[in-house]
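What follows is a single structure, written as structure tokens, with notes after it.
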Amino acid sequence: MAITALTFDLDDTLWDNRPVLERAEAEHYQWLSEAIAAAQTSPQASFGDCYPLSAYQQHRADVARRHPLKRGDFTWIRERALFELVEAYGLPRLQARLWAAHAIAHFLDLRHDLTPYPDVVPLLDALRQRYRLAAITNGNADLKRLALAEHFPVMIAAGELHAPKPDPRAFLAALARLGATPSRALHVGDSWREDVLPAQRLGMQVAWVDAKDEGPRALPPGVHRLAHVRELPALLDRLTTQESARQGG
């Protein structure tokens with residue numbers, strides 16, 4: 001059947017996410033340590049000296065284990081971990097909550113300071129003329145804070161649904177809002193586990209962005225390997241041609 005809807009992963013599919021997160025991680029934590037130090041009236045070891053970034057990262061993993069229902073809500077997990085560490089540092093509970101909230105706000109500002117791949121905007125401009133588009137992300141990038149939001153009438157923050165990919169519910173929610181069946185939809189993503197397998201099991205076609213060419217040589221039916229998202233239009237044209245040939249036969 002002809003494809004009428006496209007769903008997109010965001011991080012590492014439409015932009016290079018690693019440098020964005022590395023910068024946001026380091027800078028928001030340094031900001032927090034310096035801000036707490038500037039507010040203190042008596043000298044003591046800084047928050048960052050007592051709890052270096054590696055300690056925060058380890059504690060964040062512990063918070064995720066202790067709160068499995070929040071496993072996909074990365075913003076909540078980050079803020080909870082910061083709050084617990086700031087309180088352990090010795091600040092009163094209310095102050096600890098306020099510092100954690102301010103630090104997360106700073107993190108999210110940095111998190112959204114990103115640049116899509118150069119091909120992405122014209123690609124989406126063209127695709128939305130032919131297909132219904134949705135975004136499905138496990139990350140905490142909020143499309144409403146990005147110019148790309150205009151391309152996606154449907155946006156699914158899977159973590160906030162407490163159903164992060166590969167849970168199929170995020171895909172089903174997107175398809176329901178698009179008014180599309182799995183057999184007439186194609187998902188575009190970079191993760192074998194979180195994008196390819198769940199979408200393929202639902203009966204969707206999948207464009208797998210295997211940028212490092214590290215995946216298996218033999219792909220399941222309906223899964224198509226791309227080196228970059230810019231190759232998506234050629235794939236869609238090929239699938240359209242194949243569908244037309246089947247109908248003509």
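His151 has its side chain out of reach of Val120: every pair of non-hydrogen atoms, C-beta onward, lies at least 4.5 Å apart. In this structure, Leu143 and Thr137 have side chains that are not in contact, with every pair of non-hydrogen atoms separated by 4.5 Å or more. Side-chain contact check for Pro168 versus Leu202: some heavy-atom pair is nearer than 4.5 Å. Under the 4.5 Å side-chain criterion, counting only non-hydrogen atoms from C-beta, Leu219 is not in contact with His224. Using a 4.5 Å heavy-atom cutoff, the side chains of Leu85 and Phe47 are in contact. Between Trp15 and Leu148, some side-chain heavy-atom pair lies under the 4.5 Å cut-off. Contact annotation: the side chain of Asp16 never approaches that of Val20 to less than 4.5 Å [non-hydrogen atoms, C-beta and beyond]. Counting only heavy atoms from C-beta outward, the side chains of His59 and Asp62 approach each other to under 4.5 Å.
Distance alone, capped at 3.5 Å, is enough to place a donor-acceptor pair between the His28 side chain and the Glu25 backbone. Using modelled atom types, one side-chain atom of Arg132 and one backbone atom of Gly179 make a donor-acceptor pair closer than 3.5 Å. When atom types are taken as modelled, the side chain of Lys165 and the backbone of Ile136 share a donor-acceptor pair closer than 3.5 angstrom. When atom types are taken as modelled, the side chain of Arg128 and the backbone of Glu150 share a donor-acceptor pair closer than 3.5 angstrom. Checking side-chain atoms of Asp12 against main-chain N and O of Asn17 turns up a donor-acceptor pair under 3.5 Å.
Leu10 and Leu21 fall into different hydrophobic clusters, where Ile, Leu, Val, Met, Phe, Trp and Tyr residues are linked whenever their side-chain heavy atoms come under 4.5 Å apart, directly or through other members. Using a 4.5 Å cut-off between side-chain heavy atoms of Ile, Leu, Val, Met, Phe, Trp and Tyr, with links allowed through other members, Leu226 and Leu133 fall into the same hydrophobic cluster. Linking ILVMFWY residues whenever their side-chain heavy atoms come closer than 4.5 Å, directly or via other members, leaves Leu172 and Val206 in distinct clusters. In the hydrophobic clustering of this structure, Ile104 does not group with Leu98; members are Ile, Leu, Val, Met, Phe, Trp, Tyr whose side-chain heavy atoms approach within less than 4.5 Å, directly or through other members. With hydrophobic clusters built from ILVMFWY side chains whose heavy atoms lie under 4.5 angstrom apart, Leu186 does not share a cluster with Met204.
Within 6.0 Å of CZ in Arg66 there are more than 12 heavy atoms belonging to other residues, nucleotides or ligands.
Ion pair Asp237/Arg130 flagged as a salt bridge, since at least one NZ, NE, NH1 or NH2 atom sits closer than 4.0 Å to an Asp/Glu carboxylate oxygen. With respect to the salt-bridge test (charged N to carboxylate O, under 4.0 angstrom), the residues Asp142 and Arg111 do not qualify. With respect to Arg225 and Glu231, no salt bridge is recorded, no charged nitrogen being found less than 4.0 Å from a carboxylate O.
Expressed to the nearest 0.5 Å, how far CH2 of Trp192 lies from CG of Asp210 amounts to 9.0 Å. To the nearest 0.5 angstrom, Arg93 atom CZ is 8.5 Å from Glu84 atom CD. Between atom OG1 of residue Thr7 and atom CG of residue Leu175 there is a gap of 6.5 Å, rounded to the nearest 0.5 Å. For the atom pair CG of Leu124 and CG of Asp119, the computed distance is 10.5 Å after rounding to the nearest 0.5 Å.
Aromatic ring pairs are classed by plane angle as parallel below 30°, tilted from 30° to 60° and perpendicular above 60°; the pair Trp99 and His102 is perpendicular.
Across Asp11, Thr75, Asp73, a single residue satisfies side-chain hydrogen bond (donor to acceptor under 3.5 Å, both in side chains) together with Asn140, and that is Thr75.
For the pair Val209 and Ala227, the tightest heavy-atom approach, listed with the atom from each and the gap, is CG1-O, 4.2 Å. Scanning all heavy atoms of the two residues, the minimum distance from Leu146 to His112 falls at CD2-O, 3.5 Å. Closest of all the heavy-atom pairs between Ala158 and Ala170 is CB-CB, 3.7 Å. Closest approach of Asp190 to Trp208, counting heavy atoms only: O-NE1, 3.1 Å. Nearest heavy atom pair, residue Asp9 against residue Leu14, reads O-CG, 3.8 Å. In this structure, Ala199 and His187 approach most closely via the heavy-atom pair CB-CB, 3.8 Å.
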**Q.** Residues Phe171, Ile156; criterion side-chain contact (heavy atoms from CB on, under 4.5 Å); working and verdict
**A.** CA-CA 8 Å; Phe171 295 89; Ile156 304 293; over 6 Å; no
(Q) Run Glu87 and Phe83 through side-chain contact (heavy atoms from CB on, under 4.5 Å) and show every step you take. (A) CA-CA 6 Å; Glu87 187 178 36; Phe83 157 65; 3.6 Å; yes
Q: Run the numbers on His162 and Asp167 for side-chain contact (heavy atoms from CB on, under 4.5 Å), then give the verdict.
A: CA-CA 9 Å; His162 306 302; Asp167 192 307; over 6 Å; no
Q: Go through Tyr56 and Leu32 one step at a time and tell me if the side-chain contact (heavy atoms from CB on, under 4.5 Å) criterion holds.
A: CA-CA 12 Å; Tyr56 164 54; Leu32 177 61; over 6 Å; no
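Residues forming a side chain to side chain contact (heavy atoms under 4.5 Å, CB included) with Leu123 (at least two apart in sequence, or on another chain): Leu127, Val229, Pro233.
A donor-acceptor contact closer than 3.5 angstrom links the side chains of Gln44 and Tyr89.
Hydrophobic clustering, defined by side-chain heavy atoms of Ile, Leu, Val, Met, Phe, Trp and Tyr closer than 4.5 Å, groups Trp76 together with Val63, Ile77.
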